[in-house]
Amino acid sequence: MKKNLACCLTMCFLSMLMGCYSPDAPVSDLVYDVLVVGEGTGGTAAAIQSARSGAQTALVNPMPWYGGMLTSAGVSAIDGNHEMPAGLWGEFRSALYDYYGGPEAVFTGWVSNTQFEPHVGAAILDSIIQREALLTPFPSARWDSVWRSGDLWAVRTVSESGSTQVLKGKILVDGTDLGDVAAAAGADFWVGMDSRSETGESMAPEQANTIVQDLTYVAILKDYGEGKAPLLEAPEGYDPEEFFCLCRKRCDDPERIECDKMLDYGKLPNNKYMINWPIIGNDYYVNVMAMTEEERVAAYEQAKNQTRQFVYYLQNELGYTNLGLADDEFPTQDRMALMPYHREGRRIKGLVLTTINHIKSPYDNDPPLYRTGIAVGDYPVDHHHEKNPEAPEIDFPKVPSFNIPAGSLVVQGVPNLLMADKAISVTNIANGSTRLQPVILQVGQAAGLMAAMAAQRGQRVSDLPVREVQQGVLEAGGYLMPYYDVKPGDPHFEAIQRIGAAGLLAGTGEPYKWANRTWFYPDSILTDTALAQGLIRLGMEWNEKTDGAPVTLAQAKNALVQLAGALSLEVAWRGKPDAFEAAVAEVDKAAGLNLPEAEAPITRRQWSVLADELVRPFQQLPVTFEGGLNK
């Protein structure tokens with residue numbers, strides 16, 4: 001299996017380098033259902049899912065590789081979501097497992113459970129794209145303008161040879177790292193740190209500013225053997241003092257990490273090392289949002305120079321003459337990544353704004369955006385500002401695992417435009433948790449699903465029914481709610497996800513190291529407090545006293561009958577006790593619930609499945625993009 005897949009991926013990789021797709025090839029019909037434009041991870045995911053959802057899709061990508069930060073930027077150590085393998089993220093990880101030989105084979109460094117060579121990731125994504133018959137990719141094709149053409153979006157592309165094409169589509173998806181397409185299309189956006197008065201985030205600075213996170217130009221080093229690595233010449237502006245306390249070999253500071261351990265941070269399979277080190281490392285500060293293309297190229301060259309200085313220090317001051325820039329990774333003359341790793345760019349104004357308050361306390365915020373989740377993450381708030389002394393200190397709060405609301409992808413005030421990458425509608429602080437690779441793969445996948453749905457129905461994306469979007473996410477293997485203890489292989493996964501998104505049962509959040517959690521506790525006993533709180537969240541009056549007592553099966557049945565009646569939900573068994581009991585028995589048998597006797601307590605799992613099957617609050621209580629009940 002590994003040999004066959006390795007051969008396939010090698011051929012895919014070679015075909016990418018040789019230009020297996022040609023933007024210059026004649027296209028019989030340049031009008032698509034969905035146009036995805038951009039180099040980002042989310043853009044790739046959006047195009048794949050749009051095609052899978054039945055839409056004729058074009059993917060315009062200025063890079064020769066697909067995958068953005070995952071591949072082209074070389075950030076091939078996955079941050080977060082190890083326990084929540086949602087959608088395309090889980091599919092991509094499974095392909096890595098198949099190629100390398102299982103989970104242990106990619107657990108090579110201590111920063112991540114999943115690390116891989118960028119060219120392998122690029123080949124995997126390329127092979128997925130080639131299998132999608134409705135997806136037309138345009139690699140190495142720049143876009144230089146975007147406009148409305150009647151009811152369609154139009155994008156002018158420029159190939160490597162300089163030839164141009166105009167592609168049109170019903171729905172436009174911004175798959176760029178920085179939100180460049182949306183900005184060109186007229187979307188409003190934020191850049192930099194928000195003020196606390198604007199977002200309600202108590203830890204935000206009093207005054208807004210334009211400071212974004214440091215970016216990094218990643219390098220992949222390869223172990224050539226002692227003294228055999230190609231050594232760099234001293235880079236422009238090199239000063240060894242800048243890196244003196246990088247690690248403990250030269251610096252006696254006990255707080256500094258051992259040098260070998262520092263390198264093992266991003267150790268990849270096949271004796272390679274990802275150089276993306278933040279502490280006295282190769283981060284670089286620049287805000288490129290308002291720059292011209294030429295100015296960006298010059299700024300990125302300076303960021304590359306920072307990384308070359310770092311590598312030169314490793315080789316010449318710390319003695320790592322076995323390590324040099326890998327000659328079998330990126331198809332670039334300088335052996336550096338194809339693009340920089342942007343942690344933050346523009347943040348486009350969407351139908352809703354996700355703040356750190358929504359992430360930190362999802363059930364205590366109005367509007368209740370958790371109800372509209374389409375992607376999940378578990379990474380803590382992590383910002384890189386070491387290279388900018390002007391950046392104010394912020395005491396970032398601890399957060400549980402979280403979800404991303406659908407409205408953060410829908411651009412406000414611009415028709416049929418969706419965001420698929422890091423430039424979604426979040427605050428500067430929230431971006432520190434939402435920007436990571438697994439989250440953005442899911443965000444892009446949801447954007448592709450929404451785009452296809454809108455195109456096929458002839459609807460504006462802002463008019464899409466949220467619950468149908470969410471059901472589509474579930475059917476694509478995604479998560480709505482960030483539950484740590486209910487995995488996709490669980491037979492009741494979808495029912496529990498729907499009940500959680502409906503608000504009928506709440507999870508319990510737990511900030512935990514670098515992989516935060518939200519517990520559903522599916523097999524614990526349902527309490528009257530949890531039952532009552534869920535019914536109230538759905539708009540039902542509840543005046544009975546609660547004290548955390550177990551809920552019996554008889555009480556749960558009564559609550560279902562009351563819920564259906566109070567909210568006028570459509571049920572076939574209304575007013576028919578025998579039919580209701582028969583329906584309960586049928587659900588019990590079909591779902592394998594093993595319901596107890598009438599006066600015995602039931603579990604949260606049993607309550608969730610009964611409610612999902614018998615009253616269907618998720619389907620019967622639609623929500624707006626703001627999370628309000630749309631009865």
Side-chain angles (χ1 to χ4, degrees), residues 363 370-371 467 471 474 480-481 483-508 518-621 629 631:
Y363 303 103
Y370 75 88
R371 286 176 171 161
R467 290 305 191 209
Q471 184 58 38
L474 288 176
L480 312 180
M481 302 298 292
Y483 298 144
Y484 178 85
D485 52 349
V486 185
K487 302 290 193 290
D490 189 300
H492 307 128
F493 173 79
E494 284 197 23
I496 288 171
Q497 286 282 310
R498 285 190 291 263
I499 288 302
L504 192 56
L505 275 184
T508 301
T518 299
W519 300 88
F520 188 77
Y521 299 121
D523 299 314
S524 65
I525 297 300
L526 176 69
T527 67
D528 59 5
T529 302
L531 172 68
Q533 290 173 341
L535 295 174
I536 292 168
R537 278 192 292 270
L538 266 59
M540 182 174 162
E541 295 288 337
W542 190 268
N543 299 317
E544 299 178 26
K545 181 180 179 181
T546 62
D547 57 7
V551 174
T552 67
L553 176 60
Q555 291 172 321
K557 289 179 181 179
N558 184 52
L560 290 173
V561 173
Q562 291 184 63
L563 177 63
L567 301 183
S568 301
L569 303 181
E570 293 184 10
V571 292
W573 44 260
R574 187 187 306 281
K576 302 174 182 178
D578 290 344
F580 175 66
E581 290 298 332
V584 170
E586 183 178 347
V587 171
D588 182 21
K589 180 179 179 181
L593 293 182
N594 298 314
L595 291 175
E597 298 296 323
E599 299 308 315
I602 69 167
T603 65
R604 291 165 59 91
R605 175 192 300 275
Q606 292 166 333
W607 167 245
S608 297
V609 176
L610 286 174
D612 184 63
E613 292 284 348
L614 297 177
V615 299
R616 303 173 71 243
F618 178 86
Q619 296 89 340
Q620 296 208 66
L621 293 174
L629 293 176
K631 299 179 183 178

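Quick note: residue numbers are just sequence positions, from 1. Please read all numbers here as calculations on a predicted model, not as lab measurements.
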Got a second to check how far [X]'s [atom1] is from [Y]'s [atom2], nearest 0.5 Å?
X: Gln497; Y: Leu480; atom1: CD; atom2: CG; answer: 5.0 Å
X: Ile536; Y: Trp542; atom1: CD1; atom2: CH2; answer: 8.5 Å
X: Leu531; Y: Arg604; atom1: CG; atom2: CZ; answer: 10.5 Å
X: Thr546; Y: Gln533; atom1: OG1; atom2: CD; answer: 7.0 Å
X: Asn594; Y: Asp588; atom1: CG; atom2: CG; answer: 6.5 Å
X: Ile496; Y: Leu505; atom1: CD1; atom2: CG; answer: 9.0 Å

Over all heavy atoms of both residues, which pair between [X] and [Y] is shortest? Give the atoms and the distance, please.
X: Arg467; Y: Ala501; result: NH2-O, 3.3 Å
X: Trp573; Y: Leu614; result: NE1-O, 3.4 Å
X: Ile525; Y: Pro601; result: CG2-CB, 3.8 Å
X: Asp528; Y: Lys545; result: OD2-O, 4.3 Å
X: Gly539; Y: Leu629; result: N-CD1, 4.5 Å
X: Asp490; Y: Arg605; result: OD1-NH1, 2.8 Å

Do [X] and [Y] have side chains that get closer than 4.5 Å, going by heavy atoms?
X: Pro522; Y: Asp485; result: yes
X: Gln619; Y: Arg498; result: yes
X: Leu535; Y: Leu504; result: yes
X: Asp612; Y: Val587; result: no
X: Glu570; Y: Arg616; result: no
X: Leu595; Y: Gln606; result: yes

Identified ring pair (Phe, Tyr, Trp, His ring centres under 6.0 Å) partner of Tyr484 from the options Phe520, Trp519, Tyr521: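 Result for ring pair (Phe, Tyr, Trp, His ring centres under 6.0 Å) with Tyr484: Trp519.
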
Step through the shown structure and confirm whether more than 12 heavy atoms of other residues, nucleotides or ligands are within 6.0 Å of NZ on Lys589.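 Atom NZ in Lys589 is not crowded, with 12 or fewer foreign heavy atoms closer than 6.0 Å.
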
Is a donor on one side and an acceptor on the other found under 3.5 Å between the side chain of Tyr363 and the backbone of Gly507?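 A pair under 3.5 Å: yes.
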
For the pair Phe618 and Gln471, evaluate side-chain contact (heavy atoms from CB on, under 4.5 Å) and give the outcome as yes or no after the intermediate values. CA-CA 9 Å; Phe618 178 86; Gln471 184 58 38; 4.1 Å; yes

Residues 547-569 side chain polar contacts: donor-acceptor under 3.5 Å, at least two apart:
residue	atom	partner	partner atom	Å
Asp547	OD1	Ala549	N	3.2
Thr552	OG1	Gln555	N	3.1
Thr552	OG1	Gln555	OE1	3.4
Gln555	OE1	Thr552	N	2.8
Lys557	NZ	Glu581	OE1	2.8

